[in-house]
Trainee: 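Have a look at the structure that comes next, please.
Indexing begins at 1, ligand by ligand and atom by atom, following the structure's order. Computed from a prediction, not measured in an experiment: that's the story for all the values here.
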Amino acid sequence: MRFSLTFSTAAAAIALLAGCSGGKAPQNETAANTAAPANASDEARSPDGKRYLAQPLVKDLYFADPSAHVFNGKIYIYPSHDVDMGIPDDDLGSQYAMHDYQVLSMDRPGGPVTVNPVALDLKQVPWASEKAWAPDAAFKNGTYYLYFPAKDKQGVFRIGVATSTSPVGPFKAEPQPIQGSYSMDPAVFTDEDGQSYLYLGGIWGGQLQRWATGKYDPNGGDTDLKKDDQPALSGKVARLAPDMKSLAEPLRDAVILDEKGKPVLGGDHDRRFFEAAWMFKRGGKYYYMYSTGDTHFLAYAVGKSPYGPFKYTGRILEPVQGWTSHGSVFEYQGKWYLAYHDTQLTNKNHLRSAKITELTFRPDGTIETLKPFKE
Ligand code: FUB
C-alpha cells in the first residue's frame, strides 16, 4: 500500500510535467509490462487491496479509451491522452480536458510498447475548441484515418477526421467536422466487403440527449431523456462514403433489444447504451460493445447486420477502478483481446491507463465476462 501511494504521487508529478510541456513526449519504448511480477506480493494493489487483472501499457503518461487495430501485422492503439488540468470531477466530464492524441504501437500483446509522438493536437484543427475525447482509426487504400470528437467553437461535440500515410501520424485534419456528425466516441468498423461504418454517441457530457429531435437543443438536458419507461436513447450508426471523410447516409439508431425483442428502456441502467460504442465481427455475427456509464459495465449486444438491431447478450467487463469504462476488441494471430482502461496508477478518474487482456469466447459465441481484478 505504501508503495502504491508513493508510486502514484510520482506518476502524478510526471503527468503534470507532461501536461505543462504540451504532452509532447518523445518517441519512447517502454518495457513489456503486461507480465505480472514473479512474486504475487510485489504486485500493485488497488486501494482496497485487490490485484489487477492486467498492468498498464504505459506507466509515465496516461492513456484511456484504447481503440486497438492490427495494421500490417502490428498492433496500434488509438487512445485519448489524459492530462491533469486541475479541473474537478463533474457529471459532464469537465475533468477530461485532453487536447492531443498519441498512438501506441507494439509488435504483439505483452511486447514492448512504443509511445509515438503527438499525432494530432486540437490546435491544428480549425473548427475545434476543446475536449479531445475517445478517438478511433481506419485504413483504406494507403491512407490512415483518425476519427476524433471535439467541441466546436459553440461548445457542441462533433466528429472530425484527419489523415496520414502512417498509422502513427502525424495526421492532418479536415477543415470542417464530418457533416451530419454529432456527439462523441466515434468508432469505425470495416466489414469484410470493405464497407466502413461510423458508430458514435454518448449521453450526459456526450450531449446525445440534446439531439433527441434530430436537431441540437442546448436546453435538451445534461443526462438523458428522463423517461425511464420509454426506449433508451440509442447510439448512432451510418455508412461512411467511399472517401471515408463523409457520411453516405444520415445517422440512424443502433437499437439494443432485450430478451423479449423490445428496446432496452431508459431506466435500465445496467443494460442501456451510455457511450463508448465498438463494433467487431466474429463468426458472421456483429458484436456491438458499449459502456453502461453510471453502472460502469462494458456490455455487448449481438446482431445480424452492422446496423443492428442488437440483442443484449451480457457483460464483457465488470466495473474497473475509476468511473469510466471504455474499450475495444481485436483479434491478433487467432486470439482475441480486450483493450480497456482503469485508474490503477492514480486513482483519479481523469488519469487513466490503457491495458490489454485476453478474451475468451464460448462455443456458442458468447463471451466470458472478465473481472478487472484477480480473485
Ligand atoms: O475520455 C473521455 C470520455 O470518457 C470518453 O469519450 C468516454 O467514453 C469516457 O471514457
Trainee: Among Phe310, Phe189, Tyr312, which one satisfies ring pair (Phe, Tyr, Trp, His ring centres under 6.0 Å) with Tyr288?
Mentor: Phe310
Trainee: Can you tell me which residue among Gln209, Gln207, Arg210 is in a side-chain hydrogen bond (donor to acceptor under 3.5 Å, both in side chains) with Asp222?
Mentor: Arg210
Trainee: Report the residue from Pro309, Ser234, Pro231 that forms a side-chain contact (heavy atoms from CB on, under 4.5 Å) with Pro263.
Mentor: Pro231
Trainee: Counting from 1, what ligand 1 atoms have a heavy atom of Met184 closer than 4.0 Å?
Mentor: 6 (O)
Trainee: Provide, to 0.1 Å, the distance between atom 9 (C) of ligand 1 and the closest protein heavy atom, together with that atom's residue and name.
Mentor: Glu275 OE2, 3.4 Å
Trainee: For Tyr287 and Gly365, which heavy atoms make the closest approach, and how far apart are they?
Mentor: OH-O, 2.6 Å
Trainee: Would you mind running through ligand 1 and noting each atom that sits below 4.0 Å from a heavy atom of Ala134?
Mentor: 6 (O)
Trainee: Could you tell me whether Asp185 and ligand 1 have an N or O pair separated by under 3.5 Å?
Mentor: yes
Trainee: Which residue in the set Lys355, Arg352, Lys50 passes salt bridge (Lys or Arg N to Asp or Glu O under 4.0 Å) when paired with Asp342?
Mentor: Lys355
Trainee: Taking the side chain as C-beta and beyond, is there a heavy-atom pair between Phe157 and Leu208 under 4.5 Å?
Mentor: no
Trainee: Should you measure from each heavy atom of Met98, which atoms of ligand 1 turn up under 4.0 Å away?
Mentor: 1 (O), 2 (C)
Trainee: Is Asp65 in polar range of ligand 1, meaning some N or O pair under 3.5 Å apart?
Mentor: yes
Trainee: Just which atoms of ligand 1 are under 4.0 Å from any heavy atom in His326?
Mentor: 7 (C), 8 (O), 10 (O)
Trainee: Using a strict cut-off of 4.0 Å, indicate which atoms of ligand 1 neighbour a heavy atom of Arg352.
Mentor: 1 (O), 2 (C), 4 (O), 9 (C), 10 (O)
Trainee: Is there a nitrogen or oxygen of Tyr96 sitting under 3.5 Å from a nitrogen or oxygen of ligand 1?
Mentor: no
Trainee: Could Arg282 and Glu331 be called an ion pair, given the rule that one side-chain N must be under 4.0 Å from one carboxylate O?
Mentor: no
Trainee: Could you list the atoms of ligand 1 found under 4.0 angstrom from a heavy atom of Thr324?
Mentor: 4 (O), 9 (C), 10 (O)
